[in-house]
Amino acid sequence: MIKRDRIFYIACGLLVVGIILAFMDEYIALLPLVGAYLLRPSLHALGLAKKYADERQIQIFSRSGNIGFLVVMFGATILAILRQYQGEPPDDFHLLIFLGLVTKAIIGLLMVGDLRNAGVVILISYGVIMGVFAGLQGFDEILAGETPWETFAGIGLIVVFVALGLLARKFPRPVAIVLMLGAVGMIWYRTLWEFSDKDNGIWLFVILPLALIIACLWGRPDTDTFAVSEQ
Amino acid sequence: MKTRLRKFRFERGELSQQQLADMVSVSRQTIVSIEKGDYAPSVKLALRLAEVLETTVEELFTLEEKDYDQA
């Protein structure tokens, strides 16, 4: 049964806009069409428009969304592998997989509530994911029988981030300072030495995750409130 | 989890599923799912249901043997 509420009418409006744009041969037509379909689940996933769905409907949105996410991730992974075998760069699929996995992991960890532990897990996971993706760039060298320097760099990245993550368990704030210096150094290097304002990827893949990790590590530890009151 | 929602619904003036759903601000399908035992409501919804049916949550819902394994 179709629920005729405010969200329904906004989605209908988006659908009409999408159909008109599609008739005009505009590629952007896909955006309002997808938006019309995803409007309701997106609002519920973000905790907005609560009065338009009850708890069971929200649970259904959540479960179907999780299954949809898995399908997109597996699909993107298979397409990335196929593209690599065809000798074409699979970077756009890597970006999609990276964004999906990182967003899911970060939201999940932050919802758990223990910020410091979340910071450690995000730090290690970030290093492993970046290392794996950097290592995959050396795939062609391995196939060609050459020395895969990029794979070695990827392994090095993993080792450094795992070590920092383990250190962060004991010394979260010093590690946060090290990461802060690393992030500032990277901005300084990019802006002063490379004079590049075209590459916004550094903000998305380096500065933003590092800022989030630093914020988590700097936060107060998740202490047992009962134990604290006893002190 | 076993529920006596249907029994209480009839005992309280033969409320329809839609009427009960409107009283606790959920969809009729949610009431259907709870009555069939397919959906375990949140504490908040269980309390709301108990309140409108003038009973207690314990009267409305009881745990079964298998529920103890899942906890």
Side-chain angles (χ1 to χ4, degrees), chain A residues 1-15 34-71 104 107-114 117-118 222 224-227 229, chain B residues 1-64 66-71:
Chain A
M1 195 180 75
I2 295 170
K3 212 173 167 186
R4 288 187 183 84
D5 52 19
R6 199 182 287 181
I7 301 173
F8 169 78
Y9 291 113
I10 296 170
C12 281
L14 284 171
L15 187 69
V34 172
Y37 182 71
L38 291 182
L39 182 65
R40 192 181 290 274
S42 304
L43 289 174
H44 291 307
L46 294 169
L48 303 166
K50 279 182 182 169
K51 64 176 179 178
Y52 295 113
D54 67 31
E55 56 182 50
R56 185 179 140 271
Q57 289 165 332
I58 290 171
Q59 192 187 68
I60 292 168
F61 284 136
S62 171
R63 283 192 181 173
S64 59
N66 277 340
I67 293 168
F69 174 79
L70 288 175
V71 170
K104 184 172 168 50
I107 301 291
L109 280 166
L110 294 179
M111 283 178 79
V112 169
D114 184 357
N117 199 29
D222 186 23
D224 187 336
T225 48
F226 184 66
S229 67
Chain B
M1 194 168 70
K2 264 170 73 173
T3 176
R4 294 198 286 169
L5 190 62
R6 193 181 173 84
K7 175 179 169 285
F8 275 95
R9 191 159 57 78
F10 281 101
E11 282 180 6
R12 298 289 179 269
E14 297 195 355
L15 281 172
S16 70
Q17 289 173 330
Q18 186 63 60
Q19 283 171 321
L20 180 60
D22 291 340
M23 289 166 88
V24 295
S25 306
V26 296
S27 65
R28 192 182 69 84
Q29 287 89 343
T30 297
I31 300 296
V32 173
S33 295
I34 295 171
E35 285 188 358
K36 281 163 71 181
D38 292 340
Y39 177 67
S42 67
V43 175
K44 193 173 153 188
L45 180 54
L47 285 165
R48 286 281 294 128
L49 285 167
E51 190 183 19
V52 299
L53 294 170
E54 295 167 6
T55 181
T56 61
V57 175
E58 289 88 345
E59 285 288 325
L60 267 183
F61 302 101
T62 46
L63 290 173
E64 291 175 292
K66 61 180 179 185
D67 294 316
Y68 290 95
D69 300 330
Q70 292 169 351

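Note on naming: letters A, B, ... go to the chains in the order of the sequence lines (proteins, then strands), and numbering restarts at 1 for each one.
- Heavy atoms of other residues, nucleotides or ligands lying less than 6.0 angstrom from NZ of B/Lys7 number more than 12.
- Using a 4.5 Å cut-off between heavy atoms, B/Ser25 contacts chain A through its backbone alone, with no side-chain atom that close.
- Side-chain atoms of A/Glu55 come within 3.5 Å of backbone atoms of B/Ser42 as a donor-acceptor pair (strictly under, hydrogens ignored).
- Distance CG/A/Asp54 to CD1/B/Ile31: 8.5 Å, rounded to 0.5 Å.
- Residues A/Arg56 and B/Val26 have side chains not in contact (no heavy-atom distance under 4.5 Å, counting atoms from C-beta outward).
- Atom OH of A/Tyr37 has 12 or fewer neighbouring heavy atoms from other residues, nucleotides or ligands inside a 6.0 Å radius.
- A donor atom on one side chain and an acceptor atom on the other are not found under 3.5 Å apart for B/Tyr39 and A/Gln59.
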